[in-house]
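Shown next, in structure tokens, is the structure this report addresses.
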Amino acid sequence: LLGDLRRALDAGDVELHYQPKVRFDGQVAGLEALVRWVHPERGKVPPDEFIAIAESSGLMPHLTEYVLETALAQVARWRAQGLWVPVAVNVSPRDVHTPGFAGAVAARLARHGVPAGALQLEITEHVLLEDPQRAADTLAALTGHGVKMSLDDFGTGYSSLVHLRRLPVSELKIDRSFVARLAIDNEDAEIVRCTVDLAHSLGLLVVAEGVEDDETWERLRDLGCDAVQGWLVAAAMPPDEATAWLLARGSRGWQRPRAALPAAE
Ligand code: C2E
Ligand code: MG
Ligand code: MG
């Protein structure tokens with residue numbers, strides 16, 4: 001699989017799909033780029049699976065370069081069409097520990113003529129496990145260039161308040177595992193409430209991942225969450241579909257379907 005992935009990257013056969021993050025007033029806060037690979041014999045390979053392979057084999061820097069390059073080219077195309085929407089790219093702890101990563105990102109932005117504010121990088125707390133000082137330096141350099149950082153999958157794994165204080169992030173994404181059961185599980189609801197309050201008191205924006213239904217959307221709005229991402233709004237879409245989605249929403253942004261509201265007629 002590793003060899004096939006390497007060849008697929010070289011041949012440009014790996015795609016990026018884009019999933020919107022929307023605020024409660026409907027405004028599109030950004031799009032997250034999510035990598036998609038269809039293996040010629042095995043069919044769709046789940047990202048978690050091939051990302052783990054890339055991580056453990058040393059292919060990760062290559063994959064990340066590919067994703068950044070593809071995403072920035074897309075941002076530049078959207079901007080040329082008048083669609084000024086920021087894009088978030090997932091980066092692995094490996095990337096953050098690669099010497100020169102921050103400078104390489106800045107150079108890539110410049111080459112595409114994309115301002116740093118149009119790029120967001122999603123990291124996980126795992127970046128702090130290996131070499132916290134190196135990670136902190138890289139992240140400081142990135143934010144110094146104007147790139148916004150987002151802390152992904154918050155609430156899983158090694159979450160700790162110390163990490164939150166140490167990482168120069170401007171956004172926190174509450175993991176899907178808490179969001180999914182929010183409407184039916186009081187403890188999950190309390191965890192989400194506390195996370196939103198904590199994040200806000202630290203001056204961070206809060207995005208909830210994996211929002212699939214209206215009830216969850218309403219609970220998150222009432223808890224003061226800033227934006228949602230999930231199938232309720234849209235799944236990750238291929239570039240053309242994402243462009244059509246953005247154009248169709250226009251300045252009104254995303255509105256919940258009429259069917260979800262009490263019947264008027
Ligand atoms: P993530 O960054 O937390 O991305 C969110 C995942 O949740 C995506 O899975 C997305 O398709 C899925 N999702 C979004 N809305 C919903 C929903 O309403 N319900 C459910 N059940 N799922 C939802 P995906 O695309 O399979 O990606 C999995 C993980 O793989 C990502 O989690 C991210 O950690 C990693 N990943 C994806 N693309 C890249 C990439 O380009 N580079 C790196 N380093 N990692 C990536
Ligand atoms: Mg992510
Ligand atoms: Mg996540």
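These numbers come from the heavy atoms of this one structure, side chains and all, not from hydrogens, waters or symmetry mates.
For the pair R221 and W217, the cation does not sit on the ring face, since its NZ or CZ is not both under 6.0 Å from the ring centre and inside 45° of the axis.
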Start with the C-alpha distance between R256 and E218, add both sets of side-chain angles, then the distance that settles side chain to side chain contact (heavy atoms under 4.5 Å, CB included), and finish with yes or no. CA-CA 11 Å; R256 281 198 294 163; E218 279 161 16; 3.0 Å; yes
Under the side chain to side chain contact (heavy atoms under 4.5 Å, CB included) rule, what do L119 and V114 come out as? Steps first, then yes or no, please. CA-CA 8 Å; L119 177 68; V114 170; 5.6 Å; no
Step by step, work out the salt bridge (charged side-chain N to carboxylate O under 4.0 Å, His left out) result for R42 and E49. CA-CA 13 Å; R42 297 172 192 235; E49 201 174 302; 5.2 Å; no
K44 and R36: side chain to side chain contact (heavy atoms under 4.5 Å, CB included), yes or no, with the steps? CA-CA 8 Å; K44 284 181 195 168; R36 295 289 179 263; over 6 Å; no
Can E55 and S92 be said to form a side chain to side chain donor-acceptor pair (under 3.5 Å), step by step? CA-CA 8 Å; E55 282 272 10; S92 97; 3.3 Å; yes
The test is side chain to side chain contact (heavy atoms under 4.5 Å, CB included); show your working for V192 and V206 and say whether it passes. CA-CA 10 Å; V192 171; V206 187; over 6 Å; no
Show your reasoning for whether salt bridge (charged side-chain N to carboxylate O under 4.0 Å, His left out) applies to R176 and E212. CA-CA 10 Å; R176 191 167 80 222; E212 296 183 0; 5.7 Å; no
Pair D137-Q133, side chain to side chain donor-acceptor pair (under 3.5 Å): steps then yes or no: CA-CA 6 Å; D137 291 347; Q133 193 52 52; 3.0 Å; yes
Decide yes or no on side chain to side chain donor-acceptor pair (under 3.5 Å) for E15 and H17, but give the supporting numbers first. CA-CA 7 Å; E15 283 187 19; H17 286 192; 3.2 Å; yes
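Each of L9, L63, V14 was checked for a side-chain contact (heavy atoms from CB on, under 4.5 Å) with W37, and the lone residue meeting it is V14. Screening D131, L121, L142, I123 against V96 for a side-chain contact (heavy atoms from CB on, under 4.5 Å) leaves a single residue, I123.
The hydrophobic clustering, which links ILVMFWY residues whose side-chain heavy atoms are closer than 4.5 Å, places V179 and L223 together. In the hydrophobic clustering of this structure, V75 does not group with W84; members are Ile, Leu, Val, Met, Phe, Trp, Tyr whose side-chain heavy atoms approach within less than 4.5 Å, directly or through other members. Taken together through direct or relayed side-chain contacts under 4.5 Å among Ile, Leu, Val, Met, Phe, Trp and Tyr, L220 and L205 form parts of separate hydrophobic clusters. No path of Ile, Leu, Val, Met, Phe, Trp and Tyr side chains, each step under 4.5 Å between heavy atoms, connects V211 with V207, placing them in separate hydrophobic clusters. Following chains of ILVMFWY side-chain contacts shorter than 4.5 Å, one cannot reach V38 starting from V67, and the two form parts of different hydrophobic clusters.
Under the 6.0 Å cut-off for aromatic ring centres, Y18 and W78 qualify, their centroids lying closer than that.
Summarising the geometry of S177 relative to D175, their closest heavy-atom pair is OG-OD2, 2.7 Å, with the distance given to 0.1 Å. When all heavy atoms are compared, the tightest approach of L2 to S57 is CD1-OG, 3.3 Å. The two residues T156 and F178 have their closest heavy-atom pair at N-CE1, 4.4 Å. Taking every heavy atom of both residues into account, N90 and A33 meet most closely at ND2-O, 3.4 Å. Heavy-atom minimum distance, P86 versus A29: CG-O, 3.4 Å. Shortest non-hydrogen contact noted between P47 and V35 is CG-O, 3.5 Å.
In this model, a donor atom of one side chain and an acceptor atom of the other lie less than 3.5 Å apart for D95 and T64. Residues D213 and T216 have side chains that bring a donor and an acceptor to within less than 3.5 angstrom of each other.
Classification of K21 and E209 as a salt-bridged pair fails, no side-chain N sitting under 4.0 Å from a carboxylate O. With respect to K148 and E122, no salt bridge is recorded, no charged nitrogen being found less than 4.0 Å from a carboxylate O. The residues D226 and R23 are annotated as not salt-bridged, no charged nitrogen and carboxylate oxygen being separated by less than 4.0 angstrom. In summary, D4 and R7 engage in a salt bridge, as defined by a charged side-chain N under 4.0 Å from a carboxylate O.
Put simply, CD1 on I191 and CD1 on I174 are 10.0 Å apart, with the number rounded to the nearest 0.5 Å.
Legend: salt bridge (charged side-chain N to carboxylate O under 4.0 Å, His left out) pairs involving residues 58-81, not counting sequence neighbours, sorted by first then second residue: E69-R108, E69-R111.
Between the H145 side chain and the V147 main chain, no donor and acceptor come within less than 3.5 Å of each other. A donor-acceptor pair under 3.5 Å is absent between the side-chain atoms of Q229 and the main chain of E32, judged by distance alone.
Applying the 6.0 Å contact sphere to CD of Q81 captures more than 12 heavy atoms from other residues, nucleotides or ligands.
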